[in-house]
Amino acid sequence: MTFQNELINWYLINKRDLPWRHTKDSYTIWLSEIILQQTRVEQGLPYFNTFLENFPSVSDFASATEAQVLNLWQGLGYYSRGRNMHATAQLVVNNYNGTFPTLHDDLIKLKGIGEYTAAAISSFSSGEARAVVDGNVFRVLARYFGINTAINTPEGKKQFFKLANELLFREDSALYNQAIMEFGAIQCKPKSPKCSICPLNIDCFAYRNNVVNQLPVKLAKAEKKNRYFNYFILTEGDKILVRERKKRDIWQHLYDFPCIETEMLLDGNDLDFVESVKNIFGNNAEITFVSYKKHLLTHQIINVQFFSLKNYIFNSSKHEELNWVSLNTLDELPKPNVIRNFIEENF
DNA sequence: AAGACGGGGAG
DNA sequence: CTCCCAGTCTT
């Protein structure tokens with residue numbers, strides 16, 4: 001038997017009885033799909049019922065205030081879903097005369113509806129031949145066909161999407177889409193899948209090769225290193241003290257301010273910190289916290305703190321990388337964004 | 001291409 | 001504690 005028929009047979013026997021499976025109404029299906037994004041059925045189900053009770057139609061939804069919507073959404077997480085739904089409901093009332101779209105190309109334009117949800121709603125409501133690709137589908141395909149391309153890369157997404165659409169059972173896309181997702185959710189589960197009683201295990205690559213728990217492959221996001229830059233703003237008339245970054249590090253040949261890098265986030269009263277500051281800028285130096293910014297780079301998180309310094313003593317001959325420049329000159333110098341923004345906000 | 005967004009359940 | 005869930009949007 002084909003992969004598709006096996007899945008559908010399994011589904012017809014094992015499917016759960018869920019309320020959104022009894023309708024082809026695109027509004028109701030939309031409700032369920034948004035609620036179920038990154039959300040377990042058991043957690044989303046009560047919310048689905050509440051929303052349908054409060055807003056039986058898309059115009060009821062659109063008439064509500066955003067606060068009412070978010071109140072019902074409370075506790076479900078990812079609150080932008082609720083806000084997007086409200087905006088979409090109003091757009092559907094205004095631009096689609098209150099008839100919720102059923103076609104992929106209309107759906108994909110709506111706020112909160114991405115590739116997965118557009119495929120799901122169009123397939124379930126109008127039978128359009130669009131394959132859903134969600135976390136379940138990634139897992140089932142990766143295991144059954146032995147695909148080890150990482151699912152969280154562009155190549156992986158492309159490959160799985162292509163395969164999913166080739167496999168799509170076009171005679172009944174809704175049935176097939178439901179089947180593969182349900183199969184992933186309760187049979188081919190992430191942890192402890194029920195392989196021994198799986199009707200597809202004979203042809204399952206992962207089962208035959210004993211690599212079920214190694215698929216799908218998901219690339220771990222590289223651990224970003226946290227760094228803590230403490231900058232000092234020293235001014236003298238219209239001059240400001242800047243540093244040219246010469247070391248083998250980020251932002252080479254760009255300019256920033258005098259800086260002490262620390263192992264963790266400090267406050268201006270930390271004794272070791274004050275000590276090292278006074279070491280450079282004299283014992284009378286007064287440190288005042290100005291602002292904090294988190295600056296994100298590809299492989300690093302730079303926690304930037306700015307401090308202004310008064311009553312300092314500074315011997316420029318000891319620090320050749322530091323120079324006084326006028327604010328006008330500073331404007332011309334190449335600087336990292338976080339420095340550029342600070343200057344814009346403070347000078 | 002990588003992060004942010006969230007709460008809950010399973011192991 | 002980590003992983004992951006019927007993903008999408010923003011930077």
Side-chain angles (χ1 to χ4, degrees), chain A residues 7 11 15-16 18-21 26 28-48 70 73-88 107-125 130-142 150-158 160-161 164 173-194 213-226 293-302 337-338 341:
Chain A
L7 279 182
Y11 176 71
K15 67 177 175 181
R16 291 167 291 184
L18 301 172
W20 47 84
R21 289 188 177 149
S26 56
T28 308
I29 292 167
W30 167 69
L31 224 45
S32 73
E33 288 302 337
I34 303 295
I35 288 173
L36 291 172
Q37 285 169 2
Q38 295 292 285
T39 305
R40 279 165 222 284
V41 165
E42 310 83 73
Q43 190 191 359
L45 185 52
Y47 285 86
F48 171 79
L70 290 178
W73 199 272
Q74 205 165 10
L76 194 54
Y78 282 140
Y79 294 91
S80 63
R81 289 184 291 174
R83 292 197 302 277
N84 285 151
M85 281 185 107
H86 190 232
T88 288
L107 293 162
I108 195 71
K109 296 174 188 162
L110 302 175
K111 275 190 184 174
I113 297 184
E115 267 316 318
Y116 162 76
T117 306
I121 299 176
S122 66
S123 142
F124 298 156
S125 66
R130 300 276 181 171
V132 294
V133 184
D134 71 341
N136 292 308
V137 175
F138 277 120
R139 186 169 55 255
V140 172
L141 297 184
I151 63 173
N152 56 343
T153 61
E155 313 88 86
K157 293 230 165 68
K158 213 161 149 189
F160 280 91
F161 199 83
S173 66
L175 179 62
Y176 170 77
N177 279 335
Q178 290 283 11
I180 191 168
M181 287 195 289
E182 186 77 335
F183 180 76
I186 66 181
Q187 172 80 24
C188 194
K189 298 184 293 182
K191 301 279 172 64
S192 51
K194 306 182 200 170
N213 53 14
Q214 296 167 44
L215 292 173
V217 173
K218 194 170 183 180
L219 249 43
K221 46 184 174 184
E223 192 71 16
K224 285 196 175 182
K225 195 189 171 192
N226 260 296
K293 267 278 194 300
K294 186 178 224 176
H295 189 70
L296 302 173
L297 277 55
T298 312
H299 300 296
Q300 305 182 19
I301 302 169
I302 314 292
N337 266 331
V338 64
N341 293 336

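Lettering follows sequence order; numbering is per chain, from 1.
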Closer than 4.0 angstrom, basic N to acidic O: yes or no for A/Glu182 and A/Arg21?
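Yes, this pair counts.
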Say we look at B/dG3 and C/dA6: how far apart would their P atoms be, to the nearest angstrom?
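So the two P atoms sit 24 Å from each other.
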Suppose you measure atom P in C/dT8 against the same atom in B/dG8; what distance do you get, rounded to whole Å?
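22 Å, rounded to whole Å.
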Which value, rounded to the nearest 0.5 Å, describes the distance between A/Lys189 atom NZ and A/Gln187 atom CD?
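Atom-to-atom, A/Lys189:NZ and A/Gln187:CD are 8.5 Å apart.
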Contacts of type ring pair (Phe, Tyr, Trp, His ring centres under 6.0 Å), residue A/Tyr176, not counting sequence neighbours:
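So A/Tyr176 forms no ring pair (Phe, Tyr, Trp, His ring centres under 6.0 Å) with any residue.
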List in chain and number order the residues that pass ring pair (Phe, Tyr, Trp, His ring centres under 6.0 Å) with A/Phe48, two or more places apart in sequence or in another chain; answer none if no residue qualifies.
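Ring pair (Phe, Tyr, Trp, His ring centres under 6.0 Å) list for A/Phe48, sorted by chain: A/Trp20.
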Is the shortest side-chain heavy-atom distance between A/Val41 and A/Leu36 below 4.5 Å?
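Heavy-atom side-chain distance check passes, below 4.5 Å.
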Closest nucleotide of DNA chain C for A/Asp134 versus for A/Asn84: which of these residues is on the 5' side?
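Closer to the 5' end of DNA chain C: A/Asp134.
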How does protein contact run along nucleotides 5-11 of chain B, one letter per nucleotide 5' to 3', with B for base contact, S for sugar-phosphate only, - for none, heavy atoms under 4.0 Å?
BBBBB-S
Using the test side chain to side chain donor-acceptor pair (under 3.5 Å), find all partners of A/Tyr47 that sit at least two apart in sequence or belong to another chain.
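Partners of A/Tyr47 by the side chain to side chain donor-acceptor pair (under 3.5 Å) criterion come out as none, since no residue qualifies.
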Does the pair A/Val132 and A/Thr117 meet the rule for a side chain to side chain contact (heavy atoms under 4.5 Å, CB included), with working shown?
CA-CA 8 Å; A/Val132 294; A/Thr117 306; over 6 Å; no
From the 5' end of DNA chain C to its 3' end, which nucleotides mark the outer limits of contact with chain A, defined by a 4.0 Å heavy-atom distance cut-off (strictly under)?
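For DNA chain C, the relevant span reads C/dC4 to C/dC9.
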Pairs meeting criterion side chain to side chain donor-acceptor pair (under 3.5 Å) with involvement of residues 76-85 of chain A, two or more places apart:
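Found A/Thr39-A/Arg81.
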